[in-house]
There are 2 protein chains.
Amino acid sequence: MTEKKTRRRGQALVDAILTATWDQLQQKGYQNLTIEGVAKAAETTKTVLYRRWPDKAHLVIAALGKFGNLTPYTVPDTGTLRGDFLNLFGQLAAFLERLKGETLRGLLADRLQNLEVGKLLNHANQGNELKEIVQPMLDHAAARGEIAKAEWPDRVVTLPGILLINEVLSQQDLSEAAQIEMIDDILLPVFHADN
Amino acid sequence: MTEKKTRRRGQALVDAILTATWDQLQQKGYQNLTIEGVAKAAETTKTVLYRRWPDKAHLVIAALGKFGNLTPYTVPDTGTLRGDFLNLFGQLAAFLERLKGETLRGLLADRLQNLEVGKLLNHANQGNELKEIVQPMLDHAAARGEIAKAEWPDRVVTLPGILLINEVLSQQDLSEAAQIEMIDDILLPVFHADN
DNA sequence: AAATATAAGATACGGCCGTATCTAATTTGA
DNA sequence: TCAAATTAGATACGGCCGTATCTTATATTT
């Protein structure tokens, strides 16, 4: 007879659920993970889950926050804009390696229903705007005289993020070759443009 | 007594279903359109629909093909690369105006599960690769001596498409100001880069 | 015209979603 | 310490998915 009287509450319960979520994510992948399945695995019911997370995407994001080993990005300052971009992309590549491509793809597809592309990457990183990293890089480059100005339209400042998302969705990973090509063929020409 | 003996078959049936699909799409939008709902509206059953289209996305794409008034893009040749891009983006903007943003967003999100971003736009246009339009533009520009070379990495040639998709997903539409900014701030600097 | 092949339509299934409602365990605070 | 407030957990609902199975109307073939 399996006795089970005590009810978990609050953080203990949340922990159990997120553990189960992480578990299921490894076992079944994002697409095949279901709220009901997680509830069952955590020995609770979906009612409890829906009280805390509105949908699968949020639940998985929460689990990622707990187990994904995510580290906040830091603003690179290598002395050249190219070096900064390389460093930034390196940080992002490291982050992405922690996620299976399928998870990211599923997450993005789900979030796409509610969010704009530009916001997607941020949400993978606890709301840290990628822009807040790129802008200081541009400030430094402008201060060094490497580029003509530090102020660029939003569409341009967010370009690194756009390229990145596209790359990750197209390929599974973010190869070094891809990083270099994006930087040398696209980003640097854009920021070095003489206008 | 509503008599209904005759069974529709083949094209007649397909037409009825796609008409119902188009109808439902207007009434409920992509997200709230359901296969069962379309089946009911077309006075048939979902079994019949699943025999022809594997999922909602394909069904809606078929309806778009029939009622979306899509026209194939033509290769611009205005005499300048900038003019060509403007023309191309104009064509795309016209196309996108036929789709509600919500439809495109939903479609993209659904297709994202199975396709890479670069392929997405093509599928909206009967498989015409955007690349097949951009490349001739680059050939012309190179022949004119306007740009240094006609051969660019895939990542660069597909950049217009990436920018476009991102724009459409972020905003509802593709404003003229956005088009100009993408062209002048990003695309032209990239293709004019001296390397 | 009759036999055969094809495909429409009806029905039912298990699975999951997201919500609502109820109960009972646990915490709280008076 | 005991009543009140909170919240976990159970259950049930309607809706939709995607598949399978069966029937029966229509088309094809001979």
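Nothing here was measured: the structure is a model prediction, and the numbers come from that model. Below, chains carry the letters A, B, ... as their sequence lines are ordered, and counting in each starts from 1.
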Output a table of nitrogen or oxygen pairs between the protein and nucleotides 5-7 of chain D separated by less than 3.5 Å.
unit_1	atom_1	unit_2	atom_2	d
D:dT6	O2	A:Arg9	NH2	3.1
D:dT7	O4'	A:Arg9	NH1	3.4
D:dT7	O4'	A:Arg9	NH2	3.3
D:dT7	O2	A:Arg9	NH2	3.4

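- One finds the CG atom of A:Leu163 at 5.5 Å from the CG atom of A:Leu187 (value rounded to the nearest 0.5 Å).
- To the nearest 0.5 angstrom, B:Ile162 atom CD1 is 9.5 Å from B:Leu130 atom CG.
- Of the options B:Val38, B:Leu59, B:Leu33, a side chain to side chain contact (heavy atoms under 4.5 Å, CB included) to B:Leu25 is made by B:Leu33 and by none of the others.
- Donor-acceptor pairing under 3.5 Å is lacking for the side chains of A:Asn87 and A:Thr78.
- The pair A:Arg155-B:Glu167 counts as a salt bridge, with a side-chain nitrogen and a carboxylate oxygen less than 4.0 angstrom apart.
- As rounded to whole Å, 13 Å separates atom P of D:dA27 from atom CZ of B:Arg8.
- Considering only heavy atoms from C-beta on, B:Glu36 stays 4.5 Å or farther from B:Thr45 through its side chain.
- Residues B:Tyr50 and B:Asp55 bring no donor and acceptor atom of their side chains to less than 3.5 Å of each other.
- In this structure, A:Asp15 pairs ionically with A:Lys66, as a charged nitrogen and a carboxylate oxygen lie closer than 4.0 Å.
- In this structure, A:Trp53 atom CH2 and C:dG18 atom C1' are separated by 16 Å, rounded to whole Å.
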Using a 4.0 Å cut-off on protein heavy atoms (strictly under), produce a 5'-to-3' string for nucleotides 12-17 of chain D with B for base contact, S for backbone-only sugar-phosphate contact, and - for none. ----SB
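- Regarding B:Gln31, its CD atom lies at a distance of 15 Å from the C1' atom of C:dG18, rounded to whole Å.
- Using a 4.0 Å cut-off between charged nitrogen and carboxylate oxygen, B:Arg82 and B:Asp184 count as a salt-bridge pair.
- The stretch residues 14-24 of chain B has no heavy atom under 4.0 Å from DNA chain C, so no residue of it qualifies as close.
- A salt bridge does not link B:Lys149 with B:Glu151: every distance from a Lys NZ or Arg NE/NH1/NH2 to an Asp or Glu carboxylate oxygen is 4.0 Å or more.
- Considering only heavy atoms from C-beta on, B:Phe85 stays 4.5 Å or farther from B:Thr80 through its side chain.
- Look at CG on B:Leu49: it is 12 Å from P on C:dA10, rounded to the nearest Å.
- Look at A:Thr44 and you won't find any side-chain N or O under 4.0 angstrom from OP1 or OP2 of D:dA8.
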